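Working notes, beginning with the structure itself.
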Amino acid sequence: MTDLAQAKQEIARLRAIINHHNYRYYVLDSPEISDAEYDSLMQELKQWETEYPQLVTPDSPTQRVGAAPVAAFGVVVHPLPLLSLGNVFSEEELLSWYNRISRLLGQPQFDLVGEHKIDGLAVALTYVDRQLTTGATRGDGSRGENITSNLRTIRSIPLSVPPEAPPRFEVRGEVFMPKAGFNQLNRERAEEGLPLFANPRNAAAGSVRQLDSRITAKRPLDIYIYMLGYAEGRPTPTTHWETLVYLKQLGFKINPNNRLLTNLEQVKQFCNQWQEKRDGLPYEADGIAIKVDSLAQQQRLGNIRHEPRWAIAYKFPAIQAFTKLKDIGINVGRTGTLNPYAILEPVVVGGVVIKHAALHNEADIRRKDIRIGDTVIVQRAGEVIPEIVGPVVSKRTGKEREFTMPSRCPVCGGKITRAEGEAMHYCSNAACPAQIRERLRHFVSRPGMDIRGIGEKLSATLLKEGLVKDAADLYYLKKEQLSPIDRMGDKSASNIISAINNSRKQSLARLIFALGIRHIGEETADILSREFHCLDILANASVEELTSIRGIGTEIASSLVAFFKLDENRRIIRKLKDAGVNPKEEAVPVKELPLAGQEFVITGRLETLGRHEAEARIKALGGTAKGDVTRKTAYLVVGTEPGSKLAKAKTLGIKQLTEEEFLTRLRMR
DNA sequence: CCGCCTCGAGTTCT
DNA sequence: CTCGAGGCGG
């Protein structure tokens, strides 16, 4: 055998192996070999190909790195236009679509296929003689852009197909960027100071339309194929569902969440089920595509204009919306932080009207280049909390104003400072009315002294009416003083007074936390209470004494010392003590408790008790409760609708507890 | 000094 | 829930 012939054979062998592993990894998501083993196979193939460049073919797995930039994309005329789907936004509209189809088909029941409608961009891939020859965007449906060299870099798109494939055919699919990849990409871009992508869809579209496909190659893109456009020279299946199965056999990546649905009830269920679970999906889905299964029936139903009558998109309530940023306001937090927030033209996102959104700090506003007057993208994704993703730069008129943090506190006119290297601005006036109000609110809050009946509203009123000047004054309030307050009945007044009285018995940890000392949260307050047993000793502790405690460093120590040094604060503590608020923490030998040394994490909702109560109970028995799973976690308590912690626990092999098992350990069963 | 792990602070709407 | 920042070990 000649050297060339041997090389040919070796190259063919390596390509077959690599293609197989590519398929396992990118299409099936179940690799059989390690990344290192894969890399070494690739390396070997590259070596052969460098030695014998005449044997390099376009479908070689080494050819997915992207090619040199092009000046512009060519135009591709779609032999069969790519249609867009009609939308329905409610179950009623879905029902009327179904009824219309049912009437046209003359039968009450027929098979359908439900698929996730992924927010990406539609592409058409043409294969001639088993090779990928053209990849094009949807464009206006009849003509799109030729982005073949970019699509070739997507690993889950086969460059060639098995011999049993039709000699000439076109498939269609949705190119998208998985959420994880999108977040990672934006993190990297933020670090490099590049503008961020607003959402995975924009990121995918931007990536696929790169003139330099080497850039596309570095983007985390994926594809799901959702239909066969046309096929010549081979018989193909007669239903949509079987077509998907067939395409899968040809090596295309098909969304495993697709379902064959046999009646309206199943259709509804499919839609509702995924609407609820959409946040948990690895990709952004904006709805469900429902398609009539039989291709013959599809044909009979036909199209109206550019929309097929045989399919419909059931759209989820939007999680993103455009609106106008009217102004940027500033809240002053209890520690004096200035928190800018967006004042928005009200807009419905995810079923609720959004008027405000947090903007965190000045640097963040700069980084996102948000200006007053901008049209902005508001989103309310996984979380409930709205956020401004970024401005729509193309809608700028030139009248937008950049935001700058004022030099004087908008509430009290006090001086604003920002420490070198820190993100937050602070109002330096501890007597700032806004700070006083927020501190009082914090004092009475649930995790603080837990005084029911006093919230945001009443805190403000009490201060405004001069009934209290600080938290300690609460304990000197008389019922009669409350009566003149608007809408304050006799009953409410006595409830509030008794709530205040009951709070005298709160633990030392709660009291320390309630004081609202900078850097002292629930956890640190707990440590301090166990270390010092009463407020007086803590108040006189030195920086050295404090820093010797595990978990307390210089920042926290000096924050504490500074707090207790202020006459104002010493007076408050004195007043609290005089009013009988002076809890003692008894030394408890933690080691003897049943849950000593065991770390618990809770995910999801528990039926019998709230998360906070559960955590308090764990701590009371000597265990610890943490917010997130780490290697040190002993147990993950799994409630209903568990979150991402469950997945993490699985990968770390953390023992899981059902609520029942958990309660047993808490000695509650 | 860097990278991990934890904790703290603030957040919207019903 | 997310981001920022403090604490601490390597």
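Because the structure is predicted, anything quoted here is derived from the model rather than measured. Below, chains carry the letters A, B, ... as their sequence lines are ordered, and counting in each starts from 1.
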May I have the distance from [X] (atom [atom1]) to [N] (atom [atom2]), rounded to whole angstrom?
| X | N | atom1 | atom2 | result |
| --- | --- | --- | --- | --- |
| A:Asn361 | C:dT2 | CG | C1' | 13 Å |
| A:Glu523 | C:dA5 | CD | C1' | 16 Å |
| A:His519 | C:dG4 | NE2 | C1' | 11 Å |
| A:Ile512 | B:dC7 | CD1 | P | 16 Å |
| A:Glu362 | C:dC3 | CD | C1' | 17 Å |
| A:Ile388 | C:dC3 | CD1 | P | 15 Å |
| A:Glu456 | B:dT12 | CD | P | 11 Å |
| A:Ile354 | B:dC13 | CD1 | P | 5 Å |

Nearest to the side chain of [X], which nucleotide is it out of [options]?
| X | options | result |
| --- | --- | --- |
| A:Ala358 | B:dT12, C:dG6, C:dG4 | B:dT12 |
| A:Ala423 | C:dA5, B:dC13, B:dC7 | C:dA5 |
| A:Thr554 | B:dC13, C:dG7, C:dG6 | C:dG7 |

For the backbone of [Y] and the side chain of [X], can you confirm whether one donor and one acceptor N or O come within less than 3.5 Å of each other?
| X | Y | value |
| --- | --- | --- |
| A:Arg446 | A:Arg452 | no |
| A:Asp374 | A:Arg371 | yes |
| A:Gln435 | A:Asn429 | yes |
| A:Asn569 | A:Phe564 | no |

### Message
Let's see if you get this right: which residues in residues 331-340 of chain A place a heavy atom under 4.0 Å from DNA chain B?
### Response
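Residues of residues 331-340 of chain A under 4.0 Å from DNA chain B: A:Asn331, A:Gly333, A:Arg334, A:Thr335, A:Thr337, A:Asn339.
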
### By salt bridge (charged side-chain N to carboxylate O under 4.0 Å, His left out) - contacts of A:Arg408 (at least two apart)
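None.
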
#### Entry: C:dG9 phosphate, OP1 or OP2, under 4.0 Å from A:Arg550 side-chain N/O
yes

### Query
Quick one: do the A:Arg278 and A:Tyr283 side chains pair a donor with an acceptor below 3.5 Å?
no

### Message
Less than 6.0 angstrom from the centroid, inside 45 degrees of the normal: does A:Arg518 satisfy that with respect to the ring of A:Tyr426?
### Response
yes

### Query
Pick the nucleotide of DNA chain B nearest each of A:Ile517 and A:His356; which residue has the one closer to the 5' end?
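Here A:Ile517 is the residue nearer the 5' end.
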
